[in-house]
Amino acid sequence: MNDENWKVAAGRDLMSLGTRPRMFVSGSGSHVTDSDGAEYLDFLGGIAVNSLGHAHPVFVEAVSEQAATLSHVSNYFTSPPQLDLAARLKRLAGAGDAGRVFLANSGGEANETALKLARLHGNPRGKGTILSLEGAFHGRTLGALSITPKAAYQDPFQPLIPGTRSIPATEEALEAAFAPGDVAAIVIEPIQGEAGVRELPAGFLARARELTREHDALLILDEVQTGSGRTGEWFAFQLPGMLPDGELPDAVTFAKAVGAGFPLGGLITFGAASDLFAPGMHNSTFGGNPLASHVADRVLAHVEEACLLENVSARGAQLRERVEALPGVAGTRGAGLLIGIALERPVAAAIVADALERGLIVNAPGPDTIRIAPAFTIGDAEIDQFIETFGASLAAVHEESAA
Ligand SMILES: *Cc1c(COP(=O)(O)O)cnc(C)c1O
């Protein structure tokens, strides 16, 4: 397909996304190649998805061996990969014997499952309110959208799910929201990804845990973006300072990085929340099929065996130190390899466009924030290339806007 054809075809045949700046045809490691043969350093990682980069041998082998063995059997049955993945996720999340795992296909679908869990907990108790935080992003399906308080996303699709309400991320707002006693659950991203990689105020998550216990409500964490190793821990709630020692959430959703590019998401429950769904109450035809489950299980096994979480933490720290030294950068936020770069001026869109021309993929979740979420496998070479190219974009955009 020639250059003009793919742009025309994308605008005509694909729904909802509008025009796109490039068509990518292949990838290897942290690099992708476009339809003109130009190479790019991928520091967005398909929005925090490509945990092993592109075409990683572990991923390729996992897809191939399972595709040649058994791809799909429906939820009337189970399969070894499904059981292996569930056991691994329970162990990594510290869910213990009482934990359970529901396997789905995306982050939005994982959060739909969490909302149904909230109803199952709240309905018998006469609690109909599900809280989320201002700035949150939980997905575009109607339920997940109902707890994603952004007018531009919500307004065309009203009315949304009743009982959903968002509050500011302050302890005062939290206390006021729980006071009436009608809260079934609160859904929280431990670090808000789409809002620009924004951390919660210190002590906020611990206070949410206290209040949910006090008021018999569920603490549900959306770790679709922060989970599966992205922050240097398996889940962000395991980072120091998130929850008091020995405390756990009632449920955690995951997706993005878990399949390293294979679509898979799901929900892990802890303790009593694991018994809310009775058999047959919730299901997904594709969810947890042997192919997706095997790929995710092998990806997580590789992250464990190759000690990649250590690399995520070390490379994250190295990147942040070097980024913070660049002119035009006000600071950085996040954890591990989920990094928000705060710019001194609201030129993020111009930086993204300039960087793409120079062969670097990043994105702008806000006018003064650049987000990077590179592969867990990056090393010095990728970091050097990133700093050089990103630094050049910062300088060029600064010069342009000064002129
Ligand atoms: C991406 C994301 C979602 C939605 O996931 P999809 O797979 O796009 O449905 C939900 N929550 C968070 C925190 C996300 O980053």
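Considering CD1 of I339 and CG of L319, their distance stands at 5.0 Å, rounded to 0.5 Å. Atom-to-atom distance recorded for T33:OG1 and H54:NE2 is 9.5 Å, nearest 0.5 angstrom. Interatomic distance, N283 CG to T113 OG1, rounded to the nearest 0.5 Å: 10.0 Å. Taking NZ of K116 as the reference point, atom CG of N111 lies at 13.5 Å (rounded to 0.5 Å). Here CD1 of I341 is found 9.5 Å from OG1 of T369. Values are rounded to the nearest 0.5 Å. Distance check, rounded to the nearest 0.5 Å: CG of N363 to CG of L356 gives 11.5 Å.
Looking at heavy atoms from C-beta onward, M242 lies out of side-chain contact with P240 at the 4.5 angstrom threshold. Within the 4.5 Å cutoff, side-chain heavy atoms of L338 are placed close to those of R371. Taking 4.5 Å as the limit, every side-chain heavy atom of R230 sits out of range of all side-chain heavy atoms of Q225. Between I186 and L211 the shortest side-chain heavy-atom distance does not fall below 4.5 Å. In this structure, L117 and F277 have side chains that are in contact, with non-hydrogen atoms separated by less than 4.5 Å. A 4.5 Å side-chain heavy-atom check between I147 and R165 finds every atom pair outside the cut-off. For the pair V303 and V312, the minimum side-chain heavy-atom distance is 4.5 Å or more. Counting heavy atoms from C-beta on, the side chains of I351 and L343 come closer than 4.5 Å.
K90 places a side-chain N or O within 3.5 Å of a backbone atom of D97 that can act as its donor or acceptor partner. Between the side chain of E39 and the backbone N or O of G359 there is no donor-acceptor pair closer than 3.5 Å. Listed for the S132 side chain is no donor-acceptor partner under 3.5 Å among the backbone atoms of V187. Between the side chain of Q82 and the backbone N or O of G288, at least one donor-acceptor pair lies under 3.5 Å. In this structure, the side chain of E199 engages the main chain of G334 through a donor-acceptor pair within 3.5 Å. Between the side chain of Q192 and the backbone N or O of E189, no donor-acceptor pair lies under 3.5 Å. Proximity of a side-chain donor or acceptor of R209 to a complementary backbone N or O of L248 within less than 3.5 Å is detected. Remark: the backbone N or O of S274 is paired with a side-chain donor or acceptor of R100 at under 3.5 angstrom. Under the 3.5 Å distance criterion, the side-chain polar atoms of R333 are matched with a main-chain donor or acceptor of G196. With hydrogens and angles disregarded, a donor-acceptor distance shorter than 3.5 Å links the side chain of N311 to the backbone of F376.
The side chain to side chain contact (heavy atoms under 4.5 Å, CB included) with L337 is formed by just one residue from the set I378, T231, I372; it is I378. Shown are D42, D34, D36; of these, the salt bridge (Lys or Arg N to Asp or Glu O under 4.0 Å) with R22 is made only by D34. Shown are V362, V197, T332, L44; of these, the side chain to side chain contact (heavy atoms under 4.5 Å, CB included) with I370 is made only by V362. Results of the side chain to side chain contact (heavy atoms under 4.5 Å, CB included) test with H121 over L218, D250, I220 single out L218 as the only residue that passes.
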Apply side-chain contact (heavy atoms from CB on, under 4.5 Å) to K7 and T19, showing your working.
CA-CA 7 Å; K7 285 185 180 164; T19 58; over 6 Å; no

Is there a salt bridge (charged side-chain N to carboxylate O under 4.0 Å, His left out) between D84 and R88? Walk through the geometry before answering.
CA-CA 6 Å; D84 289 345; R88 187 182 299 278; over 6 Å; no

Chi angles and distances behind the side-chain contact (heavy atoms from CB on, under 4.5 Å) call for I161, L115
CA-CA 10 Å; I161 306 296; L115 289 168; 5.7 Å; no

Check against salt bridge (charged side-chain N to carboxylate O under 4.0 Å, His left out), E65 and R298
CA-CA 11 Å; E65 70 191 6; R298 290 298 92 202; 5.5 Å; no

Do V397 and R345 pass the side-chain contact (heavy atoms from CB on, under 4.5 Å) test, and can you show the C-alpha distance, the side-chain angles, and the key distance before you say yes or no?
CA-CA 10 Å; V397 169; R345 290 181 299 131; 5.9 Å; no

Checking R207 against E175 for the salt bridge (charged side-chain N to carboxylate O under 4.0 Å, His left out) test, could you report, in this order, the C-alpha distance in whole Å, the side-chain angles of both residues, the deciding distance, and whether it holds?
CA-CA 9 Å; R207 187 72 185 119; E175 282 153 19; 2.8 Å; yes

Would L267 and E112 count as a side-chain contact (heavy atoms from CB on, under 4.5 Å) if you check the C-alpha gap in whole Å, the side-chain angles of each, and the deciding distance to 0.1 Å?
CA-CA 10 Å; L267 173 86; E112 294 299 319; over 6 Å; no

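Side-chain contact check for E61 and H302: no donor-acceptor pair (N or O, by modelled atom type) lies under 3.5 Å. Using modelled atom types, one finds no donor on one side chain facing an acceptor on the other under 3.5 Å when comparing S30 with E382. No side-chain N or O of R119 forms a donor-acceptor pair with one of N123 less than 3.5 Å apart. Side-chain contact, E223 with T226: a donor N or O sits under 3.5 Å from an acceptor N or O.
Shortest non-hydrogen contact noted between G135 and P149 is N-CG, 4.2 Å. Contact between A257 and S51 at its shortest, heavy atoms only, is O-OG, 3.0 Å. For the residue pair A217 and A185, the shortest heavy atom distance occurs at CB-N, 4.2 Å. Smallest separation of non-hydrogen atoms from L360 and Y40: N-CD2, 4.1 Å. For the residue pair P190 and D222, the shortest heavy atom distance occurs at CD-O, 3.5 Å. A pairwise comparison of heavy atoms in A169 and L133 identifies CB-CD1, 4.0 Å as the closest pair.
The environment of CD in E388 is sparse: at most 12 heavy-atom neighbours from other residues, nucleotides or ligands sit within 6.0 Å. By the 6.0 Å contact criterion, CD on E214 is enclosed, its count of non-hydrogen atoms from other residues, nucleotides or ligands being greater than 12. More than 12 heavy atoms of other residues, nucleotides or ligands lie within 6.0 Å of CZ in F24, so this atom counts as buried by the packing criterion. Remark: E310 CD is loosely packed, at most 12 non-hydrogen atoms of other residues, nucleotides or ligands lying under 6.0 Å away. No more than 12 heavy atoms of other residues, nucleotides or ligands sit less than 6.0 Å from atom CD of E399.
Here the two rings, on F390 and F43, have centers that are 6.0 Å apart or farther.
Taking the six-membered ring where tryptophan is involved, the planes of F178 and H215 are tilted, since the angle between them lies from 30° to 60°.
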